[in-house]
Student: 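I'd like to ask some things about the structure below.
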Amino acid sequence: RLTLALASFKNKFKKGPRAVGSPGPPGGVLLWGAPGSGRSGMARCIARTLRDDNKTLASVVYVSCGSMYGSSGGDPRAAIAAVKAAFASAVKRAPSVVILDDLDAVAGATHGDGPGGGQSVPAGETVSEVIADTMDATVGLGVVTLATCSSPESVHVAVRAAGRLDHECELRSPDAV
């Protein structure tokens, strides 16, 4: 599934900005797996493949969601501002890919590790809604989202809805040698 999703992803960029901005597949891709499975590294590798014969097929905007709350003291407004800035930059540089690394850190179904101690946090819902709305607003503008997380269930359903992160691909941890 990952190979098919990525081939579709890259082929759409090869067709040019109009193809990237057109509605339809590929939607965003959600790479998920346990810690150590290489999901962040895989996202970076995918970004590197968007170069074809030294020609850039797409710009890449990288967002480390895991560091958003930590660097802002848990203030969701900082996460919202970072997400909006990333997508605004991606639209200006289209065609482009926005990588949301560790998405579940800011758009989780519940925030057991963040503010609120395991209960649903309204601030987390707000960040999730902003991410979903921002993804919707960039449809047709040449922006595709690639996100990573520990499991699909750890990401708020609004962000995983149809048309946002359409492809979900599990990365398993490498076998011990």
Side-chain angles (χ1 to χ4, degrees), residues 1-33 38-68 76-108 125-149 152 155-171:
R1 284 179 42 184
L2 178 61
T3 304
L4 291 174
L6 297 180
S8 176
F9 197 71
K10 187 170 181 181
N11 285 334
K12 195 156 189 179
F13 281 104
K14 281 186 173 184
K15 292 178 184 176
R18 287 203 158 151
V20 176
S22 65
V29 177
L30 180 65
L31 298 177
W32 62 278
R39 59 186 188 260
S40 297
M42 179 63 77
R44 288 184 184 102
C45 287
I46 292 167
R48 280 193 289 272
T49 67
L50 295 175
R51 291 189 173 271
D52 193 35
D53 297 325
N54 293 324
K55 176 184 174 193
T56 300
L57 299 174
S59 298
V60 177
V61 178
Y62 179 83
V63 179
S64 176
C65 298
S67 66
M68 283 184 189
R77 292 175 294 187
I80 290 169
V83 166
K84 287 181 177 182
F87 277 92
S89 175
V91 168
K92 287 179 187 174
R93 298 166 52 193
S96 58
V97 176
V98 175
I99 297 176
L100 299 174
D101 196 17
D102 293 325
L103 177 62
D104 43 354
V106 295
E125 298 287 331
T126 302
V127 175
S128 299
E129 290 169 4
V130 167
I131 291 171
D133 291 347
T134 305
M135 290 170 76
D136 290 346
T138 59
V139 170
L141 299 178
V143 177
V144 176
T145 304
L146 174 61
T148 69
C149 69
V155 175
H156 195 278
V157 294
V159 178
R160 293 177 50 219
R164 295 179 184 140
L165 296 173
D166 292 331
H167 304 284
E168 295 180 357
C169 302
E170 179 182 13
L171 296 176

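Along the sequence shown, residues carry numbers from 1. We use all heavy atoms of the structure for the numbers below, so side chains are in, but hydrogens, waters and symmetry mates are not.
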Student: State which residues pass side chain to side chain contact (heavy atoms under 4.5 Å, CB included) with Ala82; sequence neighbours excluded, sorted by chain then number.
Tutor: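 Checked Ala82 against side chain to side chain contact (heavy atoms under 4.5 Å, CB included); matches are Met68.
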Student: Any chance you could measure His167, atom NE2, to Leu146, atom CG, to the nearest 0.5 Å?
Tutor: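 His167 atom NE2 to Leu146 atom CG measures 11.0 Å (nearest 0.5 Å).
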Student: Looking at residues at least two apart in the chain, or sitting in another chain, which of them share a side chain to side chain donor-acceptor pair (under 3.5 Å) with Asp133?
Tutor: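 Applying side chain to side chain donor-acceptor pair (under 3.5 Å) to Asp133 gives none.
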Student: Please test Ile46 against Leu31 for side chain to side chain contact (heavy atoms under 4.5 Å, CB included), starting from the C-alpha separation and ending with a verdict.
Tutor: CA-CA 11 Å; Ile46 292 167; Leu31 298 177; 3.8 Å; yes
Student: Using the side chain to side chain donor-acceptor pair (under 3.5 Å) criterion, which residues pair with Ser64? Sequence neighbours excluded.
Tutor: Ser67
Student: State the OG1-CD1 distance between Thr145 and Ile131, to the nearest 0.5 angstrom.
Tutor: 9.5 Å
Student: So, using side chain to side chain contact (heavy atoms under 4.5 Å, CB included) as the criterion, who are the partners of Ala85 when residues are at least two apart?
Tutor: none
Student: Indicate the atoms forming the closest heavy-atom contact of Val106 with Ala79, along with that distance.
Tutor: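 Minimum heavy-atom separation between Val106 and Ala79: CG1-CB, 4.2 Å.
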Student: Let me confirm one number: the CG-OG1 distance from Leu100 to Thr134, rounded to the nearest 0.5 Å.
Tutor: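 The CG atom of Leu100 sits 10.0 Å away from the OG1 atom of Thr134.
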Student: Using every non-hydrogen atom in the two residues, find where Gly142 and Ala94 come nearest and quote the distance to one decimal.
Tutor: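 So the two residues come closest at O-CB, 3.7 Å.
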Student: Got a donor-acceptor contact below 3.5 angstrom from the Arg160 side chain to the Pro152 backbone?
Tutor: yes
Student: How close do Ala43 and Thr148 get, counting heavy atoms only, and between which atoms?
Tutor: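 Nearest heavy atoms, Ala43 then Thr148: CB-CG2, 3.9 Å.
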Student: Side chain of Ser89, backbone of Ala86: donor and acceptor closer than 3.5 Å?
Tutor: no
Student: Output the distance between atom NE2 (His156) and atom CG (Asp104), rounded to the nearest 0.5 Å.
Tutor: 13.0 Å
Student: Can you pull the salt bridge (Lys or Arg N to Asp or Glu O under 4.0 Å) pairs that have at least one residue in residues 78-103, sequence neighbours excluded?
Tutor: Arg39-Asp102
Student: Please enumerate all residues that pass side chain to side chain donor-acceptor pair (under 3.5 Å) together with Arg44, with sequence neighbours excluded.
Tutor: Tyr62
Student: What closest approach, in Å, do Gly28 and Val144 show between heavy atoms, and which atom pair accounts for it?
Tutor: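 Looking at all heavy atoms of both residues, the shortest contact is CA-CG1, 4.4 Å.
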Student: Can you name the closest pair of heavy atoms from Ala58 and Ser96 and give their distance?
Tutor: CB-CA, 4.1 Å
Student: Where do Ala105 and Gly66 come nearest, in terms of heavy atoms and distance?
Tutor: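 So the minimum-distance heavy-atom pair works out to CB-CA, 3.7 Å.
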Student: Report yes if the side chains of Val98 and Met135 come closer than 4.5 Å at any heavy-atom pair, otherwise no.
Tutor: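 The answer is no; the side chains never approach within 4.5 Å.
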